[in-house]
> 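Supplied in structure tokens, the structure appears directly below.
For the numbers below, each heavy atom of this structure counts, side chains included, while hydrogens, waters and symmetry mates do not.
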Amino acid sequence: MSLDRPRPAKASHLGDQIEVDFGAEAFERVAAFARNEGCTPFMVVHAALVAALTRLGAGSDLAIGSPVAGRGDKALDDLVGFFVNTLVLRTDSAGDPTFRELLGRVRTADLDAFAHQESPFDLVLEAVNPTRTLSRHPSSRSAWALRRAARRS
């Protein structure tokens, strides 16, 4: 993979955030497309992100983090607060798939990831056994979230 600059020996943990507002009309079109394909707007936008990153040179085995909130563990029932974890969504975009084919891959990968979101992160890393380095996070190098803005009156 080619990089636009050398990777530092130790990650700085600095990042950036890009917020994209599709607008209500575009979001409704994405939602309609998702319904027709048997998936969710989240999956459609995730597939679009995977397609864009692949075409920009990020490779074809993409692991993208996404926040997931919940209290699946009974030990958390009596605690106060908001619990958020990062779920790694790994998608294979190899072979120049059509968007619908890529969407099918994303749907399968996302459903599988969400079904196993309670898996302890250290056990997931142990099973995947990524190359460990201080220059990057062991599971994903980017993250994304989809939120629908409040409707305006």
> Using a 4.5 Å cut-off on heavy atoms from C-beta on, say whether the side chain of Leu103 contacts that of Val44.
yes
> Quick one: does Glu37's side chain have a donor or acceptor within less than 3.5 Å of a partner on Ala34's backbone?
no
> Do the non-hydrogen side-chain atoms of Asp61 and Asp92 ever get within less than 4.5 Å of each other?
no
> If we only count heavy atoms from C-beta on, is the Arg55 to Asp96 side-chain gap below 4.5 Å?
yes
> Are there more than 12 heavy atoms of other residues, nucleotides or ligands under 6.0 Å from atom CZ of Arg105?
yes
> Measuring from Thr91:OG1 to Leu53:CG, what's the distance to the nearest 0.5 Å?
10.5 Å
> Under a 4.5 Å cut-off applied to non-hydrogen side-chain atoms, are Pro41 and Leu146 in contact?
yes
> Is there side-chain contact between Met43 and Leu111, with at least one heavy-atom pair below 4.5 Å?
yes
> Is Leu102 close to Thr54 at the side-chain level, that is, under 4.5 Å between some pair of heavy atoms?
no
> Quick one: do Val50 and Val20 end up in the same hydrophobic cluster if we chain Ile, Leu, Val, Met, Phe, Trp and Tyr together by side-chain heavy atoms under 4.5 Å apart?
yes
> From Leu62 CG over to His46 NE2, what is the distance, rounded to the nearest 0.5 angstrom?
8.0 Å
> Which pair of non-hydrogen atoms, one from Ser66 and one from Leu89, has the smallest distance, and what is that distance?
CB-CD1, 3.8 Å
> Evaluate Val45 against Val30 for side-chain contact (heavy atoms from CB on, under 4.5 Å), listing each step before the verdict.
CA-CA 8 Å; Val45 178; Val30 167; 4.3 Å; yes
> Please round to the nearest 0.5 Å and tell me the distance separating atom CG of Asp110 and atom CG of Leu87.
8.0 Å
> For a 4.5 angstrom cut-off between non-hydrogen side-chain atoms, does Phe33 reach Arg100?
yes
> So which heavy atom on Gly38 is nearest to which on Arg107, and how close?
O-NE, 2.7 Å
> Measure the CZ-CZ distance between Phe42 and Phe114 for me, rounded to the nearest 0.5 Å.
4.5 Å
> How close do Gly59 and Ser93 get, counting heavy atoms only, and between which atoms?
O-OG, 3.8 Å
